[in-house]
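The sequence lines fix the lettering, A, B, ..., with proteins before strands; numbering per chain opens at 1.
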Amino acid sequence: MAEAIITPHVEEPKKKAPAQGDETSLITGSEAIAVACQLADVDVITAYPIRPYDTVMQYVAKLVANGEMDCEYIVAEGEHSQFEIVKHASACGARVFTGSSGVGWMYAMECLTVTPSLRIPMIAMVGNRALDDPKIPSRAKVDAFLPRYDRKDLLLHPDNPITVAPQANEDWLMEIRRGTAAAMERSAGVIREAYADFERIFGRKYGNPFFEEYMTDDADVVLVGMGTLSNPVRVAIRQMREEGKKVGFVRLRWFRPFPAEELAKSLGRFKAVGVIDRDFSLGSPYHSGVVATEVRTALYQSENRPQVVGFICGLGGREVTLPDVRKMSEIVSQAASGKPQPATQWIGLRE
Amino acid sequence: MTSLCTLTAKDFKSDLKPIWCPGCGDFGVVQAIYRALAAIGRPPHQIAFVSGIGCSSRIPGYTTAYGFNSVHGRALPIAQGIKIANPELLVLAAGGDGDGFSIGGGHVPHAIRRNVDLAYIVMDNQIYGLTKGQLSPTSPRGLRTVSSAFGSLENPVNPLSYVLAYGAPFVAQGTPADLPALAAVIEQAIRYPGFAFVNVQSPCVTYGEEEQQIKAHKARMKPLESLGHDPSDLVNAFRLAQDYGTELYTGVLYRNPDPSPTLDSLMRERQQKMSEGALPRERILELFAQS
């Protein structure tokens with residue numbers, strides 16, 4: 001990325017009255033996704049039951065059955081077909097959504113490898129578990145945010161005869177990949193634009209699109225993580241702050257494109273960094289999780305390279321507890337004070 | 001192979017407590033498998049039991065046989081690999097209708113045409129139970145589920161005509177509503193030299209339809225024997241298979257009276273033939289070094 005913007009830490013969102021036309025409801029993450037599909041006026045959704053994506057399926061089916069959502073809802077014979085159906089529906093001009101979880105997602109991988117080269121817009125969720133109280137925006141705002149899905153001259157239609165996914169020999173693979181890579185490089189700018197539009201239309205500000213900082217301004221050490229880790233980490237940090245411990249949190253929002261330069265610049269401010277992975281990459285450098293490896297790589301070119309300690313925890317949906325977070329934070333503080341720590345440690349493991 | 005001591009159904013029951021819903025048809029299926037294995041008399045350590053994913057695919061863990069709980073839809077390729085690598089093993093594969101006829105449906109024809117000697121038991125409940133009741137490939141048209149509020153628009157797969165069409169040499173159906181008969185067809189399937197298929201109408205008590213429960217099965221089931229069906233009559237087997245979904249036939253639907261050789265036996269035969277008169281390894285290396 002060309003520019004590197006460091007945003008000040010985002011304040012904990014205050015409970016405020018929803019903006020006009022918005023409504024607040026206590027629903028599960030799965031239901032929120034179904035509602036988002038409804039608001040985005042998705043045309044084709046495919047499904048194959050796997051927990052927890054099946055709960056999204058269920059809510060979508062309910063919206064369709066209640067006549068609250070107009071879309072083709074197809075239960076495929078497996079994830080492979082599920083991902084192929086939406087890809088080609090998108091080629092024909094339909095706005096699409098699909099999803100899966102765990103091994104189902106792995107089974108869809110063959111379809112996923114060819115999708116980026118086709119540049120066909122397709123959104124898939126990979127199921128995780130969380131309960132939150134999202135604010136549901138009004139349909140009018142969503143319509144203002146999402147332009148009509150128009151593939152223009154790339155629309156697959158009898159009136160517009162084009163070839164989708166033509167066969168090319170392997171001697172063209174590098175050029176095809178380079179094209180996809182260039183699109184991915186440009187995506188960082190598109191993401192920024194989309195966040196700016198989102199803020200303008202919905203009045204919700206998320207600061208830096210790529211990562212969010214929490215109590216990092218005067219922090220000595222920070223924890224870095226993604227997704228559902230955010231809740232226990234924030235609570236533990238507030239506790240530790242009361243005890244005078246200067247700990248902050250950096251939550252990654254985007255894994256690809258990975259905000260390497262921005263993140264390296266931000267993390268360079270701290271004495272030590274603890275990266276919490278809720279995943280594990282077997283045989284990877286330092287036997288780490290994937291986020292730790294990416295963070296180390298991002299920091300390598302950086303002038304200020306803090307100590308990086310990797311943590312593996314919360315695998316298989318295991319709870320990441322406040323004591324777990326405090327323990328990790330303590331280890332990172334030890335690293336900051338010059339006591340060498342192992343590159344990767346497993347937290348909350350039954351010994 | 002003769003067994004040294006008499007085995008009972010109890011010897012095949014593991015210490016693991018099934019986590020199926022109370023009243024699930026699969027309890028009956030696992031009982032029938034215990035009985036069939038006891039009648040056959042092969043000790044548990046000579047049995048490999050492979051499954052896919054789903055409620056019913058938990059079944060190998062509830063037996064004392066060697067179990068392989070694989071990924072969704074892949075029980076058959078693994079079972080074939082096991083049998084080919086170690087033909088001495090008695091190989092069973094099991095799973096649900098989603099495992100066998102949706103995500104893994106592509107493996108069934110190939111397992112049949114290879115004719116590897118194994119028994120494939122499908123617990124067909126016409127629903128995805130583990131993920132809370134969505135349409136499955138054998139759900140009847142019009143079925144209302146959490147994924148088909150106004151009724152399914154799709155025709156179900158007919159497992160019986162599916163396997164018959166691909167040339168399965170042994171095809172049977174059973175229900176836990178008649179446990180002795182189910183144990184008997186499973187035993188025959190295991191004893192049959194070649195690919196043997198048993199479709200078990202195994203009720204889902206939580207998400208299944210009323211007419212698919214044990215009580216309804218007891219009233220509906222029709223033993224093929226009592227209908228005077230000759231299991232060697234493939235044409236009549238096909239005709240009867242068309243009633244899948246309306247009639248509940250139990251027993252052996254088709255049994256090829258003239259079994260063709262199995263892939264595992266053909267492979268062994270070829271290996272033996274090709275190794276006859278082959279030079280010893282040392283001599284081959286010598287010749288190689290000279291050339």
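- No more than 12 heavy atoms of other residues, nucleotides or ligands lie within 6.0 Å of CG in B/Asp15, so this atom counts as exposed by the packing criterion.
- Closest approach of A/Val75 and B/Leu135 over heavy atoms only: CG1-O, 4.5 Å.
- Of all residues spanning residues 55-75 of chain B, those with a heavy atom less than 4.5 Å away from chain A's heavy atoms are B/His72, B/Arg74, arranged by number.
- Separating the CG atom in A/Asp54 from the NZ atom in B/Lys132 is a distance of 3.5 Å, to the nearest 0.5 Å.
- When side chains are defined from C-beta on, B/Val146 does not count as touching A/Met57, because their heavy atoms never get closer than 4.5 Å.
- Around atom CZ of A/Phe280, more than 12 heavy atoms belonging to other residues, nucleotides or ligands sit under 6.0 Å away.
- Counted within 6.0 Å of CD on A/Glu110, heavy atoms from surrounding residues, nucleotides or ligands total 12 or fewer; the atom is thus considered open.
- Considering only heavy-atom pairs separated by less than 4.5 Å from chain B, the leading option among A/Ala65, A/Ala76, A/Gly104 is A/Ala65.
- For B/Gln213, the CD atom counts as densely surrounded, since its 6.0 Å shell holds more than 12 non-hydrogen atoms of other residues, nucleotides or ligands.
- The environment of CG in A/Leu118 is crowded: more than 12 heavy-atom neighbours from other residues, nucleotides or ligands sit within 6.0 Å.
- For A/Phe255, the CZ atom is densely surrounded, since the number of other residues' heavy atoms within 6.0 Å is greater than 12.
- Neither the backbone nor the side chain of A/Tyr53 comes within contact range of chain B; no heavy atom of the residue lies under 4.5 Å from a heavy atom of that chain.
- Within a 6.0 Å sphere centred on CG of B/Asp243, other residues, nucleotides and ligands contribute more than 12 heavy atoms.
- Atom CD of A/Glu72 is surrounded by 12 or fewer heavy atoms from other residues, nucleotides or ligands within 6.0 Å.
- The residue among B/Ile53, B/Ile103, B/Leu153, B/Thr145 with the most heavy atom pairs within less than 4.5 Å of chain A is B/Ile103.
- Ranked by heavy-atom pairs shorter than 4.5 Å toward chain A, the options B/Gly98, B/Ser102, B/Ala149 are led by B/Ser102.
- Annotation: side-chain hydrogen bond (donor to acceptor under 3.5 Å, both in side chains) contacts of A/Thr115 (sequence neighbours excluded): none.
- For A/Thr55, the part sitting under 4.5 Å from any heavy atom of chain B is the side chain, from C-beta outward, and nothing else.
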